[in-house]
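Along the sequence shown, the residues carry numbers beginning at 1.
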Amino acid sequence: MEERSQKNTPRSFINKFILWAFIGFNLFMLIWMIIEIGGATKHLAESKSTAEKIGISIGTRLGTSVMISIWVAGDVILAFFTFFNKSKK
């Protein structure tokens with residue numbers, strides 16, 4: 001029996017676009033996370049009062065939680081399209 005290999009089947013334009021959208025989304029989220037944490041660190045170092053430091057800390061944690069939720073939701077959706085949209089040749 002002939003064994004079919006998906007390594008040799010080329011992807012269509014839509015399949016390539018979905019794959020690069022998945023990769024691009026992950027890069028975008030990683031860069032966004034680095035910028036957000038870097039900005040919070042800068043503000044935390046410049047703060048003077050304890051209340052200000054606590055507020056920045058809480059806000060950073062909430063913002064990071066929302067970003068991670070968006071990241072996971074986007075990854076699940078894009079991974080679904082990426083893995084189930086391969087060529088079936």
Side-chain angles (χ1 to χ4, degrees):
M1 214 170 183
E2 187 177 320
E3 189 174 319
R4 294 181 185 176
S5 173
Q6 288 202 358
K7 292 179 183 177
N8 297 334
T9 57
R11 289 182 175 261
S12 69
F13 173 74
I14 296 296
N15 293 348
K16 288 179 185 177
F17 177 76
I18 291 172
L19 178 65
W20 283 105
F22 179 73
I23 293 169
F25 176 75
N26 282 307
L27 289 174
F28 170 73
M29 292 303 292
L30 179 66
I31 291 169
W32 188 21
M33 184 73 71
I34 291 169
I35 290 172
E36 192 260 342
I37 291 175
T41 306
K42 177 184 156 200
H43 288 296
L44 191 60
E46 294 173 353
S47 63
K48 295 183 181 11
S49 70
T50 306
E52 193 176 2
K53 289 181 181 182
I54 292 172
I56 291 170
S57 174
I58 292 171
T60 302
R61 288 181 184 163
L62 288 173
T64 304
S65 302
V66 170
M67 287 174 61
I68 290 173
S69 299
I70 292 170
W71 197 344
V72 169
D75 263 351
V76 168
I77 293 167
L78 287 173
F80 176 77
F81 284 118
T82 301
F83 293 126
F84 293 113
N85 201 14
K86 293 182 179 177
S87 60
K88 306 214 182 332
K89 211 170 190 180

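The hydrophobic cluster containing L62 does not contain I68, counting ILVMFWY residues as joined when their side-chain heavy atoms lie under 4.5 angstrom apart, directly or transitively. Hydrophobic clustering keeps I14 apart from L19 (ILVMFWY residues linked when any side-chain heavy atoms are closer than 4.5 Å, directly or through intermediates). If you chain together hydrophobic residues whose side chains sit under 4.5 Å apart, I56 and M33 never meet in one group. In terms of hydrophobic clustering, with Ile, Leu, Val, Met, Phe, Trp and Tyr side chains grouped at heavy-atom distances under 4.5 Å, I58 and L44 are assigned to different clusters. Taken together through direct or relayed side-chain contacts under 4.5 Å among Ile, Leu, Val, Met, Phe, Trp and Tyr, F28 and I77 form parts of separate hydrophobic clusters.
Of all the heavy atoms in A21 and L78, the pair that sits closest is O-CD1, 3.9 Å. Taking every heavy atom of both residues into account, S47 and E52 meet most closely at CB-CD, 3.6 Å. Shown here for I37 and T41, the closest heavy-atom pair between the two residues is O-OG1, 2.7 Å. For F25 against W71, the heavy-atom pair with the smallest separation is CE2-O, 3.7 Å.
Rounding to the nearest 0.5 Å places CD1 of I70 at 5.5 Å from CE of M29.
Under a 3.5 Å cut-off, the side chain of N85 and the backbone N or O of N15 do not form any donor-acceptor pair. Using modelled atom types, one side-chain atom of S65 and one backbone atom of R61 make a donor-acceptor pair closer than 3.5 Å.
Using a 4.5 Å heavy-atom threshold, the side chains of F22 and I18 count as separate. The shortest side-chain heavy-atom distance between L30 and N26 does not fall under the 4.5 Å cut-off.
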